[in-house]
Undergrad: 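Below: one structure in structure tokens.
Hydrogens, waters and symmetry mates play no part in the numbers below; they use all other heavy atoms, side chains included. A note on names: the letters A, B, ... follow the listed sequences, proteins ahead of strands, and every chain is numbered from 1.
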Amino acid sequence: MDSVLSALHEVPGVTATMVFDGSGRLALHKGHAMYDRALCEHVCGVLVKAIDAVQLEQEEWDAITAQFADGKILLHNLGSAHALAVVTDAALSPTFSTVAMRVAVSKLKKGIEKGTLTGITPVSQPGVMPLAQPAARPSSGPEAAAFLTRCVKELARYVGPISKLYVKEGVGRVCAGAPFTMAVAERLIEDLAQQIDLGDRGALRAALVKGA
Amino acid sequence: MADLSLLTRFPEIRRAVAGDRRGSVVDSVGEPDAESLAAVTGSIAELFTQAGESLGLGEPRWVSVEGEKQASIIAIDEDGVVAGRVDAPRSLAGIQKALDAALPRKV
């Protein structure tokens with residue numbers, strides 16, 4: 001399957017290609033010398049967070065394009081908890097890249113479905129978050145849902161409206177993909193407390209423990 | 001920036017939010033949950049800024065999200081973020097081109 005990424009590199013302007021899973025684990029990558037594995041792994045971690053954030057507002061996505069001053073990042077949803085990232089410089093030809101990308105995405109999807117992609121982690125592996133779904137699963141029961149709403153409200157006192165995202169990510173961390181239940185409420189409180197200043201943590205814990 | 005008209009001048013965008021880079025709402029039109037959208041787009045802008053810096057791509061200009069039934073676009077500069085929902089996903093390419101032309105002059 002390395003040949004799929006190699007074909008993409010024949011398009012003028014393509015400088016790096018990466019296939020990664022929902023936990024940011026790099027499954028395949030190819031790139032110019034400066035884009036080594038360590039750098040690509042770091043970038044995949046950031047891109048997974050960006051995809052999670054996108055899915056808070058638009059759960060269903062096929063492609064994300066980020067235009068920069070000196071190039072682009074093209075992200076394609078491969079399904080089965082994987083995404084393709086293509087990094088380009090300003091010389092990229094949109095016509096060539098659209099066709100090449102379609103071909104690559106189709107081949108990679110088939111490869112993932114058949115399990116023939118070297119280095120691809122099975123979707124069912126614990127800890128791997130599906131990219132096609134939000135980072136956190138829905139809560140289980142009205143009590144849990146009410147508690148999460150309170151978490152968003154209380155945390156917003158310290159971080160503002162972004163608290164919704166923090167809570168969603170926190171639930172993803174403590175539940176590892178399972179629905180949120182009150183059994184893990186204390187762990188979530190502690191996780192959220194770590195997101196704010198040391199001096200504010202006690203007040204947040206106290207406010208949330210009341211309802212846990 | 002944080003100028004709504006950057007996106008609302010397109011007829012396909014009837015819901016939009018302008019915010020600062022920290023995710024607070026500056027202005028909005030037609031968006032029922034402007035606070036959430038501003039918070040999320042502020043976070044998306046920050047994350048793509050990080051990715052762009054790591055990859056040597058410079059500052060982000062815009063980010064588009066394309067799905068089968070819906071699409072959205074976020075215009076970014078160092079001061080603010082404007083996010084708009086695109087009613088017709090097929091019109092996204094035209095909006096991207098127009099932003100490419102408009103943003104270098106705005107930034």
Side-chain angles (χ1 to χ4, degrees), chain A residues 15-16 18 31-32 34-35 38-77 85-90 92 94 98 132 152 156 159-169, chain B residues 15 17 19-25 31 33-78 83 85-86 89 92-93 95-97 99-100 103-104 107:
Chain A
T15 55
M18 303 169 245
H32 292 181
M34 65 177 283
Y35 300 118
L39 174 64
C40 290
E41 279 175 345
H42 165 72
V43 170
C44 286
V46 175
L47 293 177
V48 162
K49 287 182 188 168
I51 291 169
D52 283 346
V54 163
Q55 288 185 307
L56 289 174
E57 287 297 332
Q58 186 174 327
E59 194 172 327
E60 167 260 336
W61 70 281
D62 294 324
I64 299 172
T65 305
Q67 174 73 58
F68 295 84
D70 302 317
K72 283 183 181 178
I73 299 174
L74 308 168
L75 290 167
H76 282 264
N77 192 347
V86 178
V87 182
T88 78
D89 61 25
L92 180 77
T98 305
V152 172
V159 301
I162 196 73
S163 64
K164 189 176 169 185
L165 178 62
Y166 280 20
V167 171
K168 202 150 194 170
E169 287 182 349
Chain B
R15 291 182 291 160
V17 173
D20 63 22
R21 291 291 292 261
R22 295 191 308 172
S24 300
V25 180
E31 183 58 48
D33 192 1
E35 284 201 348
S36 287
L37 184 58
V40 169
T41 51
S43 174
I44 291 168
E46 197 50 48
L47 289 162
F48 275 106
T49 301
Q50 284 177 31
E53 276 173 9
S54 299
L55 294 166
L57 296 175
E59 290 294 314
R61 297 278 166 83
W62 52 259
V63 174
S64 67
V65 182
E66 195 175 353
E68 199 179 335
K69 292 175 187 162
Q70 38 177 342
S72 48
I73 193 153
I74 305 166
I76 304 166
D77 82 357
E78 58 188 19
R85 298 189 197 270
V86 182
L92 196 55
I95 295 170
Q96 290 170 344
K97 274 188 185 175
L99 279 183
D100 279 337
L103 283 173
V107 174

Undergrad: Search all heavy atoms of A/L47 against all heavy atoms of B/F48 and return the closest pair with its distance.
TA: CD2-CE2, 3.8 Å
Undergrad: Side-chain donor-acceptor contacts of residues 62-75 of chain B below 3.5 Å, not counting sequence neighbours, with atom names and distances?
TA:
residue : atom : partner : partner atom : Å
B/W62   : NE1  : B/D100  : OD1          : 2.8
B/S64   : OG   : B/Q96   : NE2          : 2.8
B/S72   : OG   : A/Q58   : OE1          : 3.1

Undergrad: Looking at residues at least two apart in the chain, or sitting in another chain, which of them share a salt bridge (charged side-chain N to carboxylate O under 4.0 Å, His left out) with B/R15?
TA: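 Counting only residues at least two positions away or on another chain, B/R15 forms no salt bridge (charged side-chain N to carboxylate O under 4.0 Å, His left out).
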Undergrad: Tell me, side chain or backbone of A/V43 under 4.5 Å from chain B's heavy atoms, or both, or neither?
TA: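 Side chain only.
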Undergrad: Kindly give the heavy-atom pair with the smallest separation between B/I44 and A/A53, and that separation in Å.
TA: CG1-CB, 3.7 Å
Undergrad: Taking every non-hydrogen pair under 4.5 Å, which of A/C44, A/G31, A/A63 racks up the most with chain B?
TA: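 Highest number of heavy-atom pairs under 4.5 Å: A/A63.
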Undergrad: Just so I understand: if I count every heavy-atom pair under 4.5 Å between each of B/V40, B/D33, B/T41 and chain A, which residue has the most?
TA: B/V40
Undergrad: Could you check whether A/E57 pairs with B/R85 (Lys NZ or Arg NE/NH1/NH2 to Asp/Glu carboxylate O, under 4.0 Å)?
TA: yes
Undergrad: Would you give the length of the straight line joining atom CG of B/L55 to atom CG of A/D70, rounded to the nearest 0.5 angstrom?
TA: 12.0 Å
Undergrad: Which answer fits A/T15, side chain, backbone, both or neither, if we ask what part of it has an atom under 4.5 Å from a heavy atom of chain B?
TA: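 No part of A/T15 comes within 4.5 Å of chain B.
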Undergrad: Taking every heavy-atom pair that is under 4.5 Å apart, which of B/G52, B/A93, B/P60, B/A38 has the most such pairs with chain A?
TA: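 So the answer, after comparing B/G52, B/A93, B/P60, B/A38, is B/P60.
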